[in-house]
Amino acid sequence: MIFDLLIKNAIIFPESELKDIYIKSGKFDQIEPSGKKTSYPALSILNLREKTLIPAFTDAHTHFFQWSLGRIQVSLEQVESYDDALNKISAYLSLNPDTPAVIATDFDQYRWIKPILPSKKDLDKISTSCPIVMRRICGHLAVFNSPALKKIENLVDKRFIDFKEGIVVEDPVLKIYNYFPPSPEMINQALQSAQQECFRQGISAVGEITSSLGRKIIARASHQHQLKVKFRLSVNQQDFKNLQQGGFYPSLGDDPVSLRALKIFLDGSIGGKTAAVSFVYKDAPASARRGILLMEQNELGELLKSALNDHWKIWIHAIGDRAIDLILSSAKKLHLKNTENIRIEHFELPSPEAIDQVADMGIQLCVQPNFINNWSFPGQLYQQVLPDEIYRFNNPLKEILNRKCNFCFGSDNMPVNPFYGIQGTVNSPLPVQRLSLTEAIKRYTFHSARCLGDTNRGKIIPGFQADIAVLNQFPDENNLLQIEVEQMYIDGEKVYDPYGES
Ligand SMILES: [Zn+2]
């Protein structure tokens with residue numbers, strides 16, 4: 001037999017001995033200790049000279065489409081103050097005076113010197129003719145200037161709009177590009193650039209949450225072989241109902257783009273003090289001291305039952321303990337079967353009892369270790385808004401592991417960077433959050449892939465798909481933010497090689 005590719009002298013993390021890896025038809029085949037006198041023939045050979053390999057990452061919770069477009073206009077992820085954010089938008093508009101709209105993305109006022117919410121008035125000072133939207137990092141809230149408000153006012157449910165302050169929440173924000181459609185050139189540039197960034201971060205597959213427009217564009221680009229990243233897509237409740245009525249089922253196969261899940265929201269965010277909790281937020285407005293629940297038990301129960309019966313996976317956004325408990329009590333009340341197809345997104349503030357019940361029911365969890373890095377250190381958001389005993393049990397990944405839950409990692413694009421997330425849990429400020437480096441990498445590879453339904457990805461063992469990231473150094477607790485991905489392979493095919501000759 002002639003193999004397609006032989007990767008020689010590789011260190012497969014966390015092992016230390018050198019290995020030769022043979023790849024055939026996109027899969028790992030033989031894996032042998034290096035230095036054997038005879039090797040099998042292969043069409044191409046890559047000598048890694050003791051470089052480290054890991055399975056490529058699967059980011060199980062992304063908003064790739066929105067993120068891709070945000071990156072090529074104005075990204076506010078790194079700005080340190082409100083003034084900086086406004087200046088960045090002004091500068092973009094001066095350089096691109098003909099742009100039909102400016103969608104500035106990913107501001108997080110809690111990471112600014114002074115945490116204030118942007119205002120319509122300030123955005124109107126930048127332009128009263130070009131629509132400007134400033135979208136918060138959570139993706140659920142945005143501030144619009146007057147021309148932007150005018151554009152959507154007759155198209156969306158007015159309940160979501162505060163015309164005075166220019167604040168828009170939920171549905172219209174999640175579908176922002178439906179109202180301000182980007183040009184085909186912009187889309188193309190955005191997808192390519194975002195895919196390169198995924199490769200730079202070692203990511204080969206994502207669990208994607210986007211609008212119908214996003215799904216269409218991703219599917220089209222993938223059919224035209226412009227996208228190599230694997231997309232496991234979700235649909236919202238309305239699209240799900242249409243699919244179900246039309247007799248459609250989720251896909252099981254290994255297509256580059258495949259539909260896997262129904263995505264629903266049960267509560268808001270900790271930053272917005274809208275995650276549904278059983279305690280009272282510090283300094284909460286009297287109107288919503290314990291956050292908000294977006295669904296009633298009966299509605300949730302019926303939806304879960306019907307989706308699980310048809311073998312859909314269901315990804316449920318539930319951050320606060322009250323939202324999490326609602327899922328568990330609904331599942332128990334209706335004696336739901338196939339509960340392993342339920343996946344709770346975020347799961348930031350569970351009670352210890354809820355963790356045990358999740359383990360008993362085999363419910364999956366998709367947690368964000370990067371949230372620890374973003375908001376869990378002393379003085380940061382979680383400590384600012386949560387009572388002390390709740391703060392000390394936020395994102396308790398170690399407890400989740402100890403109590404034997406099925407869980408995987410996703411970034412929720414805050415930011416897309418697995419090693420940043422891994423660094424969060426490995427060096428976390430609270431012992432209940434701390435995982436070992438080996439465990440954390442496993443969660444971001446094998447467990448994330450499996451959670452999306454890809455049971456033959458995320459490990460470097462014979463029979464698995466050959467998805468690999470080649471690293472510039474062997475990871476340890478102290479170098480995680482310095483690690484660079486030097487090459488990427490998906491299904492045994494080289495997709496990223498910035499230092500290569502060709
Ligand atoms: Zn999300």
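Keep in mind that this is a model prediction, so the values were computed, not measured. What you see below is based on every heavy atom in this structure, not just the backbone, and it leaves out hydrogens, waters and symmetry mates. For ligands, and for the atoms within them, numbers begin at 1 and follow the listed sequence.
Look at His317 and the Zn ion (ligand 1): no N/O/S atom of the residue is under 2.8 Å from the metal. For the Zn ion (ligand 1), the N/O/S atoms of His346 include none lying under 2.8 Å.
Remark: Lys459 qualifies as a cation-pi partner of Phe446 under the 6.0 Å distance and 45° angle criteria applied to the six-membered ring.
For His61, the N/O/S atom at the shortest distance from the Zn ion (ligand 1) is named NE2. Among heteroatoms of the N, O or S kind in Asp412, OD1 lies nearest the Zn ion (ligand 1).
Between Phe57 and Tyr444, the ring planes are perpendicular. Angles over 60° get that label, and only those under 30° would be called parallel. In this structure, Tyr496 and Phe199 have tilted ring planes: the angle between them lies in the 30° to 60° band.
The pair Arg232-Asp254 meets the salt-bridge criterion, since a charged nitrogen lies less than 4.0 angstrom from a carboxylate oxygen.
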